[in-house]
Protein chains: 4
Amino acid sequence: MSKKNKPTNQKEMSFIEKARRTQIVECAIETIAEIGYAQASLGQISKRANISKGVISYHFANKEDLLDQIAIEYYMAWQSYIAPLIEAQKSPKEMLRVYIESNLTFIEENRKHVIAVIEVVSNKRTSDGKFRFASDHDETILLPIENILTLGMQEGIFRKFTRSSSRVMALTIRNAIDGFTLELMKKSHLDVQEYTRELVTLFDKSTKK
Amino acid sequence: MSKKNKPTNQKEMSFIEKARRTQIVECAIETIAEIGYAQASLGQISKRANISKGVISYHFANKEDLLDQIAIEYYMAWQSYIAPLIEAQKSPKEMLRVYIESNLTFIEENRKHVIAVIEVVSNKRTSDGKFRFASDHDETILLPIENILTLGMQEGIFRKFTRSSSRVMALTIRNAIDGFTLELMKKSHLDVQEYTRELVTLFDKSTKK
Amino acid sequence: MSKKNKPTNQKEMSFIEKARRTQIVECAIETIAEIGYAQASLGQISKRANISKGVISYHFANKEDLLDQIAIEYYMAWQSYIAPLIEAQKSPKEMLRVYIESNLTFIEENRKHVIAVIEVVSNKRTSDGKFRFASDHDETILLPIENILTLGMQEGIFRKFTRSSSRVMALTIRNAIDGFTLELMKKSHLDVQEYTRELVTLFDKSTKK
Amino acid sequence: MSKKNKPTNQKEMSFIEKARRTQIVECAIETIAEIGYAQASLGQISKRANISKGVISYHFANKEDLLDQIAIEYYMAWQSYIAPLIEAQKSPKEMLRVYIESNLTFIEENRKHVIAVIEVVSNKRTSDGKFRFASDHDETILLPIENILTLGMQEGIFRKFTRSSSRVMALTIRNAIDGFTLELMKKSHLDVQEYTRELVTLFDKSTKK
DNA sequence: CATGAATGAGTCTTCATTCAT
DNA sequence: GATGAATGAAGACTCATTCAT
């Protein structure tokens, strides 16, 4: 069955098929993290995977399909790691702290994957030059943060946020987290604990009443 | 005389030479901003400049040279716009406010250039896969912010910052500013005034004693 | 036992084997007729047959073997449809009329198969670039027509034909019939009755004394 | 200037550009005639032209553009050879004779080109599997023949033709001529004079009153 | 100075074929 | 018998770079 028509339909995939795809995606992540998006050709990826170039084409409709998968898998792993930790918190303040902590922990433990996702996402444009993922990002990434802010405001713990100011706040938090990834790329011996503590303090202060 | 040996030595360039280079750099910026780093081939750039592909090769040692120039020119323009405004301020608090304000203003007025620089910098790696600009970034971009923070701390206006916490603070401020660019790419009708106000408030609170 | 050694030896084939081959050949015909010779990969054919690509390789020595089979089966079906109708005629004039009529009828009823055969035959070359089927064509396709012409000449019904002129006549008749197929491909609503009548008239006149 | 936007706009082409294109088109013709449409890759063509593969891509937007050019150039050469000869004739009967004669002569003198055109045209399909050139063919190739037939009928020299019967007649004439090309491919020592004479006789009889 | 032309390495993709299960 | 998986060669096309004019 061709992958052309249902590239992401995992329901009908055999176990071995899923394993292969996962392996290839992992190699793609490794490759992008190591040599960068621009240099990460299918040839480079297949070389690292010790497979023939054709295997990738066999399991993925095209390069875009493979690259998308990197983002999709990452998002799912991220989601299932972060969400329960947040939900376990009672106060918005704790939620925000845990959001920052868990994100940084997740990033540290999945360095290469995060790097690869960032490269893929930031290089992804539609044929008319517009960015893809733009609208997705707001709904799936920012909204949860904004919800925490709104909750904190309603409970009287956080300062007052308008629509627009909670959006800027959420963006800044997210940018701080994403920026941490880049910092981690440059300095692999970064003290994550400390970085986390500082960010928590910073946003604790900036959200306080 | 070929540019091979002295690609960035502007001293010996004739006026016409400089003009040509500037024109090409501008077209490169335009091109990258419009269609993205990956699609911005020398062919595309020369097409937008209405010149032959060879001209670029004549004036720049290679593509990398051209791309670097985008970052260099941007940094210089940025520097000469921001620096005097900061220096005109008396208190660290005002400096920080002006830093944020002037950066956002500068970005809004140079959208395409900023976008291009971000694409170039984030895709630039050395042949062994490491990021270039990494060390530059700390000294030229972060240090000035850290200096403001240190000053504010010494004057007793800002809270206490350790080496590491002022670094995280500076990074977060910078990430907020850079992130604003991306937001501006996605939503061109963004209210810059408002965004600026929110960021100033946010970092005012987070640096306060 | 692999088909490698006796790809066309139908004697030793089991019933199921024959059925499978027939099914695959039919799908190949369908595919070529629909998307053209160049696009008709084994993948496309197997997709239409709802079988795996490997099955084709299992039942046919190679792609060429499968393609040849299309021509062979067609020729046999054509032969057994046409021959008895011709033989049932008494006069050469009637034979010619029936030849034309029966060919056009056969073509109309086997559109896809004819199209596929034409595509296969016209794209088939030996490794040194020469056409295959070239010599076959003369003996199996043209000779029967020439025989009718000779007969008609001997009986004094047709005009005089030399070796060479009966060959040209036969070729022209055959070209008219094959050309009808192409016309049918372009205009599926062609009035076959009418087309037949015109051709019969045309060649009736051109063979008359 | 990219060939993408104006692949066939010959007005703006320099002399040297036209020469190169012509040379490449000629090599493409040679290649297709020799090894067939399916085997005629850009690599094969460039090899025969003793140029790098990239040169073809430089001068033609894509393979289709090159292949189309073969047909276009042929049609123009054919047109300018045939048309004046026909127009010089006074009676429809002579026109038909000259049409057949000049076509066969032209084909003999441009064997390879004709072969290439036939292969290109017969393999050309749109993305949905339909033939291209189909509608063109009727207007540019068949109409002129039909006009001769109509004229002959009006002058009382030819037998009566309805819309549909003149179409079939024209098709048959054209098929005879195109079929001659295939015959010439198979038997290069064909006596063209004789073939021509036979065809003229054949269609003379079949159009007579 | 500028250009058009050419190159050749490299990109993604397709495909006939093989093979272990 | 049948299949999914894998291969590797070949395909068209892109592009940074070089060079003669």
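In what follows, chains carry the letters A, B, and so on, assigned in the order in which the sequence lines appear, proteins first and then strands, with residues in each chain numbered from 1.
Look at R125(B) and E34(A) and you find no salt bridge, because none of the NZ, NE, NH1 or NH2 atoms lies under 4.0 Å from a carboxylate O.
Rounded to whole Å, atom P of dG4(E) lies 16 Å from atom CZ of R21(D). Rounded to an integer number of Å, the gap from NZ of K18(B) to P of dC1(E) is 13 Å. Rounded to whole Å, the distance from CD1 on I45(B) to P on dC15(F) is 11 Å. Atom CG of L66(A) and atom C1' of dT11(E) are 15 Å apart (whole Å). Rounded to whole Å, the distance from CZ on F60(D) to P on dA6(E) is 12 Å. The separation between N50(C) atom CG and dA2(F) atom C1' is 14 Å, rounded to whole Å. Straight-line distance from the CD atom of E17(C) to the P atom of dG1(F): 6 Å, rounded to whole Å. Taking atom CD1 of residue I24(A) and atom C1' of nucleotide dA6(F), one finds them 10 Å apart after rounding to whole Å.
Judged by distance alone, the side chain of E119(B) and the main-chain N or O of G36(B) form no donor-acceptor pair under 3.5 Å. Counting only distance, with no hydrogens or angles, the side chain of R21(A) and the backbone of H59(A) share a donor-acceptor pair below 3.5 Å.
Look at S14(A) and you'll find a side-chain N or O under 4.0 angstrom from OP1 or OP2 of dA5(F). Under 4.0 angstrom from either OP1 or OP2 of dA5(F) there lies at least one side-chain N or O belonging to Y58(A). Between S57(C) and the phosphate of dT3(F), there is no side-chain N or O to OP1/OP2 separation shorter than 4.0 Å. OP1 or OP2 of dA6(E) sits under 4.0 Å from a side-chain N or O of R20(D). Within the structure, a side-chain polar atom (N or O) of H59(B) is placed less than 4.0 Å from OP1 or OP2 of dA2(E).
Distance check: N62(B) CG to S57(B) OG gives 8.5 Å after rounding to the nearest 0.5 Å. Interatomic distance, NZ of K112(A) versus OH of Y74(A), reported as 15.5 Å (0.5 Å rounding).
For the pair Q39(B) and I51(C), nearest-nucleotide mapping onto DNA chain F gives the more 5' position to I51(C). Comparing K63(B) and K53(A) against DNA chain F, the residue whose closest nucleotide sits nearer the 5' end is K53(A). Closest-nucleotide positions on DNA chain E for G54(C) and E64(A) were compared, and the one nearer the 5' end corresponds to E64(A). Nearest-nucleotide mapping onto DNA chain E: of V55(D) and G43(C), the residue sitting toward the 5' end is V55(D).
Across all strands shown, the partner of dC15(E) is dG8(F), judged by Watson-Crick or G-U wobble contacts whose two distances both fall under 3.5 Å. Checking dA20(E) for Watson-Crick or G-U wobble geometry (two distances, each under 3.5 Å) identifies dT3(F) as its partner.
The residue I16(C) sits close only to the backbone: its heavy atoms come under 4.0 Å of sugar-phosphate atoms, none of a base. S41(A) comes within 4.0 angstrom of the backbone, heavy atoms only, and of no base.
The two atoms that bring I70(A) and A116(A) nearest to each other are CG2-CB, 4.2 Å, heavy atoms only.
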